[in-house]
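These numbers come from the heavy atoms of this one structure, side chains and all, not from hydrogens, waters or symmetry mates. Note that the coordinates shown come from a computational prediction; the quantities given were computed from them, not determined experimentally. We name chains A, B, ... by the order of the sequence lines, and we start the count at 1 in each one.
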2 protein chains.
Amino acid sequence: MVATLHDVAQIAGVSIKTVSNVINDHPHIRPATKQRVLEAIAELDYHPNLSARSLRSGRTGMIGLALPELSLSYFAELADAVIRSAERHGVTVLIEQTGGDRDREIGLLSSPRRQLTDGLIFSPLGLGNDDADFLKVGYPLVLLGERVFGGPTDHVTMRNVDAARAATEHLIRQGRRRIAVVGAHDGEVIGSAGLRLRGYREALDAAGIPFDPALLGFTTLWHRSNGATAMRELLASGVQFDAVFGLNDTLTLGAMRVLQEAGLHIPEDVATIGFDDLDEAQYSLPTLSTIDPGREEIAETAVRILLERINATDPASPPREILADFRVIERESTATHGGAGERMRASAAAGTVGETGASAPARAGVTALS
Amino acid sequence: MVATLHDVAQIAGVSIKTVSNVINDHPHIRPATKQRVLEAIAELDYHPNLSARSLRSGRTGMIGLALPELSLSYFAELADAVIRSAERHGVTVLIEQTGGDRDREIGLLSSPRRQLTDGLIFSPLGLGNDDADFLKVGYPLVLLGERVFGGPTDHVTMRNVDAARAATEHLIRQGRRRIAVVGAHDGEVIGSAGLRLRGYREALDAAGIPFDPALLGFTTLWHRSNGATAMRELLASGVQFDAVFGLNDTLTLGAMRVLQEAGLHIPEDVATIGFDDLDEAQYSLPTLSTIDPGREEIAETAVRILLERINATDPASPPREILADFRVIERESTATHGGAGERMRASAAAGTVGETGASAPARAGVTALS
DNA sequence: CTCGCATAGTACAACGTTGTATGGCAGGCG
DNA sequence: CGCCTGCCATACAACGTTGTACTATGCGAG
């Protein structure tokens with residue numbers, strides 16, 4: 001049988017409330033008493049009953065993490081980071097998979113399971129900006145991603161426009177002028193695709209390179225296969241290009257296979273850069289240049305401000321919009337000057353991992369916009 | 001304010017216990033009473049308080065899933081499957097990451113968090129067969145993986161030996177005689193590497209092919225980079241081979257990059273087959289033949305028998321060892337007769353996914369060994 | 001000496017639920 | 001008519017914890 005406060009109190013010869021006070025570090029406890037209680041706790045290997053505690057206190061010590069699907073690498077790595085960060089803060093994470101389905105996302109916001117968590121970190125995929133009202137919920141909520149802006153909750157996301165511009169500028173600096181895009185969504189203004197495409201266009205404008213719609217490869221989903229398909233269509237269209245900006249790593253890796261299948265060399269014929277800095281991008285052949293969108297930092301920040309909301313005593317302060325820092329990570333797929341092949345082979349032979357070139361300096365730190 | 005049984009009882013004009021009885025489908029309730037109660041519940045949008053319920057009942061409705069790391073694709077896909085399966089059974093999954101660290105794995109078995117769950121599905125990586133005693137815990141536990149056999153708990157795993165033999169036989173049927181292995185662990189007897197290597201040797205023996213230790217590529221970790229390194233070493237050693245059996249998909253994909261980098265064609269020069277059937281294996285170039293180890297079935301079975309234990313009224317029945325079904329999935333990386341390239345391109349061009357050839361029939365269904 | 005105050009500890013109730021025991025009220029049987 | 005049985009519903013206690021209110025003691029100041 002597992003020990004309770006009552007058992008501890010009996011052994012220590014005090015009331016159960018005193019034991020509770022010791023556990024919760026209340027003031028006004030004689031050191032000798034405290035000592036006896038702690039010994040009794042150790043003797044019985046007592047651990048507080050979490051159900052009773054949360055019934056009494058209204059707190060569960062868990063936070064929810066709602067995301068589309070763990071089998072998408074980006075979200076698996078995000079979940080990993082959130083769990084580790086939550087652990088550092090002493091809370092537990094309950095993961096919910098939505099499948100990116102709008103109805104499930106909405107349902108989950110008022111699911112009875114919300115009782116099990118003190119707050120929610122929510123990365124929607126099906127929700128749109130018009131659905132912002134659904135986010136008015138009675139518990140702390142931190143939004144991730146690019147589906148909803150200006151909602152009623154704290155929002156942690158990445159500098160999509162700036163980062164995409166930096167990625168494009170990086171290609172331009174390597175002398176590339178005809179930069180194809182893989183993963184565009186037609187007509188989208190917000191959402192990852194819309195924002196990243198905007199950054200791409202800003203970079204072109206700044207460099208005086210005309211925007212050519214023929215260079216856009218469209219695809220709704222962002223799986224590896226979609227990147228491959230979009231690239232095949234680009235190749236079939238006959239449009240000329242010397243670089244590819246894939247709107248995420250998975251797409252880009254799919255596109256790279258098709259390029260290589262077609263006999264093109266990366267980076268000599270076509271340089272490629274992705275977005276997300278998946279673990280996988282360090283191991284592809286060639287290794288993939290990409291944007292580190294600050295996933296670790298997003299996870300850490302989301303957990304931190306969620307816990308701030310949970311622990312806040314004063315009533316609601318206005319929602320915050322927080323943008324993570326990003327970095328351009330230069331690897332073999334955009335290596336510049338001759339010898340790229342050499343370098344590739346050398347680094348590969350050593351079994352090393354990682355960043356061939358220097359990273360561009362970060363463009364901005366974490367900043368609260370409001 | 002959120003409604004309680006008390007509020008519902010007041011509106012329906014009954015006692016709170018009657019409301020509780022309605023919710024829990026107790027017998028002996030007049031239809032008219034039930035009707036009134038249900039209406040009151042609907043009116044107040046009442047949901048039972050889960051903390052109170054679990055305090056009272058000792059059940060949480062959650063199960064734990066302990067695994068090394070979500071950012072390893074195999075475990076991300078496993079977690080996905082477990083969560084979906086648990087959902088079908090009406091329970092929630094709490095994921096714990098161990099990092100594959102033995103001490104953390106041991107600690108987790110007696111962590112206070114175990115209170116939050118009614119049982120645990122545990123996939124250890126650091127634990128060894130000598131640690132079986134740690135698995136004697138006071139709650140339902142289902143073990144996954146190949147680290148511990150003959151322990152005191154139910155165990156769900158895959159037919160590593162049979163599946164590895166089938167994979168090797170598949171290569172032999174294609175006329176391959178010099179089959180390299182990537183991912184071997186020196187001297188390991190149990191564990192995924194040890195078992196799969198045994199299957200490999202059984203297949204060789206059965207076909208009368210001598211075992212050549214020079215064909216073994218060793219690597220402790222099973223990341224993509226390790227597969228690449230092991231393959232580089234094999235190539236450097238000058239040993240001749242016409243096929244590669246990678247002990248998991250990630251390793252195999254790493255090895256394939258190195259083969260292609262060396263100018264070898266897959267499957268013409270070297271056929272490759274992996275193990276795990278990761279989503280990624282459907283999208284590689286060429287698509288990767290592999291073993292479907294029955295991950296979905298393992299997840300489903302683990303959840304099911306864990307819930308059986310949780311709901312069991314009778315005292316402990318003896319531990320069960322359950323082996324999932326497997327399938328050989330034949331894709332481009334082991335396509336036989338000329339035209340493989342054609343087929344590859346065709347399937348690729350159509351943007352299709354999946355299994356180029358027919359799957360071998362399953363070797364065995366889910367079976368309880370004891 | 002009494003008052004006020006800080007310290008140290010306790011008793012009780014409450015969080016919301018469910019198991020157990022119990023109470024009426026029919027109807028059927030001796 | 002009294003008793004038992006089955007049906008329906010209720011009251012009460014309990015799960016283990018913590019907040020509130022309270023008592024008791026010691027100590028310095030008025």
Query raised in the report: Can B:Arg56 and B:Asn49 be said to form a side-chain hydrogen bond (donor to acceptor under 3.5 Å, both in side chains), step by step?
Result: CA-CA 11 Å; B:Arg56 183 62 238 230; B:Asn49 179 305; over 6 Å; no
Query raised in the report: C:dT18 C1' sits how many Å from B:His26 NE2, rounded?
Result: 8 Å
Requested in this report: Answer whether the closest heavy-atom distance between the side chains of B:Glu321 and B:Phe149 falls below 4.5 Å.
Outcome: yes
Report task. Could you state the atom-to-atom distance from CZ of B:Arg59 to P of C:dT18 in whole Å? Result -> 13 Å
Query - Pairing residues for B:Ser57 by the side-chain hydrogen bond (donor to acceptor under 3.5 Å, both in side chains) criterion, not counting sequence neighbours - result: none
Query raised in the report: Under 4.0 Å between a Lys/Arg side-chain N and an Asp/Glu carboxylate O for A:Arg84 and A:Glu300?
Result: no
With a cut-off of 3.5 Å and sequence neighbours excluded, list every side-chain donor-acceptor pair involving residues 136-145 of chain B.
residue, atom, partner, partner atom, Å
B:Lys136, NZ, B:Asp133, OD1, 3.4
B:Tyr139, OH, B:Leu109, O, 2.5

Report summary line: To the nearest 10 degrees, the angle between the two end axes of the helix from C:dC1-D:dG30 to C:dG30-D:dC1 (five pairs per end) comes to 70°
Report task. May I ask you to decide whether B:Arg88 forms a salt bridge with B:Glu296, counting only side-chain N to carboxylate O separations under 4.0 Å? Result -> no
Requested in this report: Check each residue of residues 27-38 of chain B for a non-hydrogen atom within less than 4.0 Å of any atom in DNA chain D, then write out the ones that pass by number, or none.
Outcome: B:His28, B:Ile29, B:Arg30, B:Thr33
Query raised in the report: Taking atom C1' of D:dT18 as reference, at what distance in whole Å does atom CD1 of A:Ile23 sit?
Result: 11 Å
Report task. Go through the steps to decide whether B:Arg147 and B:Glu105 satisfy the test salt bridge (Lys or Arg N to Asp or Glu O under 4.0 Å), and finish with yes or no. Result -> CA-CA 12 Å; B:Arg147 300 296 306 171; B:Glu105 289 179 347; over 6 Å; no
Query raised in the report: What one-letter contact string describes nucleotides 11-17 of chain D from 5' to 3', where B marks a base within less than 4.0 Å of any protein heavy atom, S marks contact via sugar-phosphate atoms alone, and - marks no contact?
Result: B-BBBBB
**Report entry** Under the side chain to side chain contact (heavy atoms under 4.5 Å, CB included) test, residues paired with B:Ile29 that sit two or more places apart
**Finding:** B:Asn21, B:Val22, B:Thr33, B:Lys34
Requested in this report: Would you indicate whether the side-chain heavy atoms of B:Phe122 and B:Glu96 approach each other to under 4.5 Å?
Outcome: no
Query raised in the report: Is a salt bridge present between A:Glu308 and A:Arg320, judged by a nitrogen-to-oxygen distance below 4.0 Å?
Result: yes
